[in-house]
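This report concerns only the one structure given below.
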Amino acid sequence: MKTVKLSASVLAIAAVSATAAAARDTVQIAGSSTVLPYASIVAEAFGENMGFPTPVVQSGGSSAGLKQFCEGVGENTIDIANASRAIREKEIKTCADNGVTEIMEVRIGYDGIVFANEIADPEFAFTPADWYKALAAELPVDGAMVANPNASWSEVNPDFADIAIKAFIPGTKHGTREVFEEKVILAGCEESGAMEAILGINGGDEDAAEEACMNIRTDGASIDIDGDYTETLTSIQGEEGAFGVFGLAFYENNTNIIKVATMSGVAPSTETIASGEYPVSRPLFFYVKKQHIGEIPGLKEYAEFFVSDMVAGPDGPLAAYGLVSDPELAATQQQVADEVTMGSGS
Amino acid sequence: MADISASPEGLPGAKSSLYAQSDRTRRRNAAETRFKYYGMGAVAIGVIALVCLLTSILSNGLSSFQQTFLRVEIFLDPAVVDPQGNRDPEEMAKVFTFGYQPLIKGSLEAQAQELAAGPAPEITPQLLAGMVSSAAPADLRDFVLANPDRVGETVEFNFLANARIDQYLKGRVTRESAALDSRVDVAQLNAADELVAIGQMQKRFNWDFIFGPDASENRPEAAGIGVALIGSAYMMLIVLVIAVPIGVGASIYLEEFAKKNWLTDIIEVNISNLAAVPSIVFGILGLAVFINFMHLPISSPLVGGLVLTLMTLPTIIIATRAALKSIPPSIRDAALGVGASKMQAVFHHVLPLAMPGILTGTIIGLAQALGETAPLLLIGMVAFVREYPDSILDPAVGLPVQVYNFTNRADPAFVERASGAIIVLLVFLVIMNLVAIILRRRFERRW
């Protein structure tokens with residue numbers, strides 16, 4: 001018995017110590033759950049075609065991915081961070097503090113953010129102002145900020161059906177939330193004239209006014225979803241008349257369950273997003289740790305494969321899934337080929 | 001009777017009858033009956049919950065073990081697959097899977113016309129090719145690269161059908177939903193009916209679901225849980241090899257050899273506490289110690305196994321100590337009495353008798369570890385992994401993680417796969433628990 005135990009523990013220790021030297025040959029990716037489907041499609045095709053092992057793609061959100069990315073350089077850190085928003089100054093600094101000084105930013109295309117309810121629910125034609133009035137924590141009324149009194153969509157806009165406001169929006173760890181706040185809530189705040197009213201109230205402090213605009217109500221009309229879009233979908237299915245915020249690709253995979261509302265009169269589609277008519281879209285990125293190129297086999301090849309015309313182009317599998325391909329893809333390809341890092345003058 | 005109700009019970013002189021129940025007895029009996037009903041109600045709620053859960057999982061998931069296949073004859077056009085014309089696999093590998101898509105479409109053109117003339121008037125070659133899984137070009141390319149000599153021939157393939165078509169044959173996609181669905185056309189459903197009728201399309205048992213790797217969101221029909229099975233097996237092996245000797249060793253020492261003092265009391269309290277710590281905490285610990293400090297590879301079953309070991313240890317220690325405690329002291333006394341040393345008494349007499357209890361505890365601990373996702377989240381094991389791990393150092397996922405991954409995907413076809421993976425996981429859990437029960441029944445001794 002004792003010898004068995006002893007040999008088992010020796011075995012375990014041997015296994016542990018043997019690993020320290022083993023080199024990693026698989027590209028490690030983490031980050032945005034919006035980019036995850038695209039990254040997994042590319043990873044799969046990359047493994048099939050290029051003779052490298054299929055990269056490992058972790059999910060968890062843009063911020064979580066970038067945090068992992070900035071943990072340092074070396075085999076036990078990830079090589080690529082997927083993000084549905086641009087990297088922040090603060091994150092670049094954290095990266096630099098941990099030795100991640102050379103970061104390549106790669107824009108892979110655009111993604112639309114759509115507002116959808118169940119197919120049986122009434123149709124809506126939104127403007128950003130409607131969303132601001134529906135979801136802001138406080139609205140300016142007669143020269144003072146009051147808690148948002150709107151309980152029904154018909155109170156927001158008389159044209160709308162009398163349905164209680166209930167929206168499932170991405171939680172703060174998602175990059176999508178930032179885009180939602182800036183392109184919908186803040187835009188709506190300005191569009192509806194509330195911005196001026198707030199500036200009038202607080203005496204012209206623009207930063208504070210913006211913050212006041214983007215303050216989302218917490219009285220139950222708006223609910224943060226920290227999980228993925230599937231969770232949002234389940235949530236709106238359980239609640240009559242509820243709206244969910246989704247990525248365009250998710251909607252395109254579920255057109256038999258949900259329908260989208262127009263925004264400022266434009267219906268979301270890859271065409272309207274590519275042309276810029278549909279206002280709520282954002283670029284998707286991935287960030288490559290340049291210091292790992294040459295150390296991890298297949299890293300640069302993966303980046304080049306990702307942005308190649310056959311993958312990220314308008315006829316590629318990513319566009320088929322719902323990515324709005326980048327009109328400036330050629331420039332991105334050149335950047336990746338030249339390994340241009342951020343802050344190196346391009 | 002009137003007598004009884006008139007005089008308070010228990011007072012001297014009060015008459016009681018063995019035939020008629022007193023008020024108090026009636027109340028006590030009523031309380032007992034009520035309690036029995038409460039208990040039955042509680043059991044019923046539990047059973048109903050279990051039945052609902054199982055029905056939902058089985059009705060959603062059983063179909064994932066079957067998959068629709070489409071028999072197609074493909075002409076391996078040399079101009080497409082071997083533009084250089086020298087049949088050199090290395091040169092031919094430069095044609096990517098995207099290049100193989102037109103081959104499938106081209107080969108289906110004649111059939112599309114045939115179908116368009118007959119049962120599915122709106123079908124086009126494009127739509128017909130869309131009924132084949134997007135995993136098909138990869139299969140085709142693998143075949144061509146493995147058999148370069150067959151280029152130029154017409155070869156019969158059994159491709160997976162697209163997930164929407166598969167779901168249609170399984171009754172989850174209807175004509176009404178297809179009309180609203182941007183990923184499928186009603187014409188394709190008509191064509192599918194005809195292809196089934198002529199036997200070109202059929203459902204078969206899908207071994208690839210159990211042993212195949214995961215697939216991307218474009219091809220739910222090709223997704224399998226093979227990598228997760230291997231990953232889970234590796235992790236269980238690591239837990240078994242590390243947690244059992246350490247856990248059993250620790251309990252034997254604490255139970256049989258250690259002095260009872262404040263130190264062992266503290267240890268005992270801590271072990272009990274550790275068993276109740278949320279499992280995510282072990283993930284944080286694993287990230288800090290095994291990955292950041294010891295530099296073990298991320299996403300590897302080794303780290304996963306070590307984290308799960310930490311999580312399982314308290315369970316094993318508590319179960320083992322309970323098993324050792326239940327051995328009557330007379331066994332030890334008898335052994336010591338005939339001159340055995342303390343160690344001989346423990347290893348020759350106490351431990352063999354405690355073995356069934358220890359094994360049961362271990363298996364329950366393993367089953368708990370098998371179903372755990374949270375600690376794996378932080379060590380990079382909640383991921384899309386397609387390569388089979390060759391060793392415990394290669395990236396892998398676990399079964400519950402695979403379930404989580406499937407449920408997070410946009411395509412509704414993944415719901416079926418998630419439930420299918422749950423069924424496999426449940427089968428393993430049931431087997432493990434059965435083994436635990438059998439061991440206990442077979443070897444347990446009572447005093």
Side-chain angles (χ1 to χ4, degrees), chain A residues 1-2 4-6 8-9 11-12 15-16 18-20 22 24 26 28 30 33 36-37 39-45 47-49 51 53-60 68 71 74-78 119 227-231 247 249-250 252-257 259 310-311 316-317 320-321, chain B residues 93 96-99 134 137-138 141-142 173 176-183 213-219 238 241-242 244-246 248-249 290-292 294-300 302 306 347 351 377 380-387 391-395 405 407-412 414:
Chain A
M1 194 66 205
K2 205 168 187 193
V4 171
K5 251 188 298 175
L6 209 70
S9 20
L11 238 150
V16 166
T19 61
R24 176 150 68 82
T26 317
Q28 281 275 1
S33 47
L36 175 74
S40 60
I41 289 169
V42 177
E44 184 177 61
E48 276 167 6
N49 287 308
T54 308
V56 172
V57 194
Q58 299 176 43
S59 162
Q68 240 180 308
E71 261 166 17
E75 265 174 27
N76 60 330
T77 59
I78 59 168
I119 281 208
D228 293 81
Y229 292 134
T230 42
E231 197 183 327
F250 187 89
E252 299 224 316
N253 269 299
N254 291 282
T255 46
N256 54 334
I257 308 170
K259 68 168 191 294
M310 62 190 168
V311 176
Y321 186 75
Chain B
F96 287 164
T97 45
F98 311 109
S134 65
R141 183 172 179 269
D142 287 345
V173 167
E176 291 78 51
S177 76
L180 297 164
D181 198 331
S182 63
R183 295 277 190 234
D214 196 3
S216 73
E217 315 227 359
N218 263 351
R219 34 179 109 151
I238 291 166
V241 166
I242 302 180
V244 173
I246 296 179
V248 174
F290 299 127
I291 292 180
N292 290 345
M294 290 170 74
H295 296 295
L296 298 180
I298 36 178
S299 307
S300 64
L302 175 65
L306 289 173
F347 281 94
L351 201 56
L377 192 72
M381 287 195 80
V382 178
F384 173 74
V385 182
R386 255 180 77 79
E387 301 283 332
S391 74
I392 51 172
L393 305 177
D394 291 333
N405 281 348
T407 54
N408 274 343
R409 298 202 181 147
D411 200 303
F414 278 111

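Chain identifiers are assigned alphabetically (A, B, ...) following the order of the sequence lines, protein sequences preceding nucleic acid strands; residue numbering begins at 1 within each chain.
For a residue to count as touching a neighbouring chain, one of its non-hydrogen atoms must lie under 4.5 Å from one of that chain's; by this rule B:Phe98 touches chain A with the side chain only. The contact between B:Ala215 and chain A is made by backbone and side chain atoms together, counting heavy-atom distances below 4.5 Å. Heavy-atom distances place the backbone of A:Thr77, and not its side chain, under 4.5 Å from chain B. Proximity to chain B (any heavy atom under 4.5 Å) is restricted, for A:Ser59, to the backbone atoms N, CA, C and O. Neither the backbone nor the side chain of A:Ala39 comes within contact range of chain B; no heavy atom of the residue lies under 4.5 Å from a heavy atom of that chain. Of the two parts of B:Thr407, only the backbone, made up of N, CA, C and O, holds a non-hydrogen atom closer than 4.5 Å to a non-hydrogen atom of chain A. For chain B, the nearby part of A:Gln28 is the side chain; its heavy atoms alone come within less than 4.5 Å. Heavy atoms of A:Ala30 lying under 4.5 Å from chain B are absent altogether. Contact annotation for B:Arg219: only side-chain heavy atoms (C-beta onward) come within less than 4.5 Å of a heavy atom of chain A. Within the 4.5 angstrom heavy-atom criterion, no atom of A:Tyr229 approaches chain B.
Using a distance-only test at 3.5 Å, with no hydrogens or angles considered, a donor-acceptor pair links the side chain of A:Thr255 to the main chain of B:Ser182. When atom types are taken as modelled, the side chain of A:Glu44 and the backbone of B:Ser216 share a donor-acceptor pair closer than 3.5 angstrom. At least one donor-acceptor pair closer than 3.5 Å links the side chain of B:Ser299 to the backbone N or O of B:Gly380.
Pairing each heavy atom of A:Thr54 with each of A:Ala43, the nearest pair is CG2-O, 3.3 Å. Taking each heavy atom of B:Thr97 and B:Ala138 in turn, the nearest pair found is CG2-CA, 3.6 Å.
Comparing A:Val311, A:Ile78, A:Asn256 by how many heavy-atom pairs each has under 4.5 Å with chain B, the most go to A:Asn256. Looking only at heavy-atom pairs under 4.5 Å with chain A, the residue among B:Leu377, B:Asn405, B:Ile291, B:Asp394 that has the most is B:Ile291. Contact count against chain A (heavy-atom pairs under 4.5 Å) is highest for B:Glu217 among B:Met381, B:Arg409, B:Glu217. Ranked by non-hydrogen atom pairs under 4.5 Å with chain B, the options A:Val57, A:Ile119, A:Asp228, A:Leu36 are led by A:Val57.
Between the CD1 atom of B:Ile392 and the CG atom of B:Leu296 there is a distance of 9.5 Å, given to the nearest 0.5 Å.
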Intermediate values then yes/no, side chain to side chain contact (heavy atoms under 4.5 Å, CB included), B:Asn408 and B:Phe414: CA-CA 9 Å; B:Asn408 274 343; B:Phe414 278 111; over 6 Å; no

CA sep, side-chain torsions, deciding dist, call: B:Asp214, B:Val385, side chain to side chain contact (heavy atoms under 4.5 Å, CB included): CA-CA 7 Å; B:Asp214 196 3; B:Val385 182; over 6 Å; no

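Using a 4.5 Å cut-off on side-chain heavy atoms (C-beta onward), B:Arg141 and A:Asn49 make contact.
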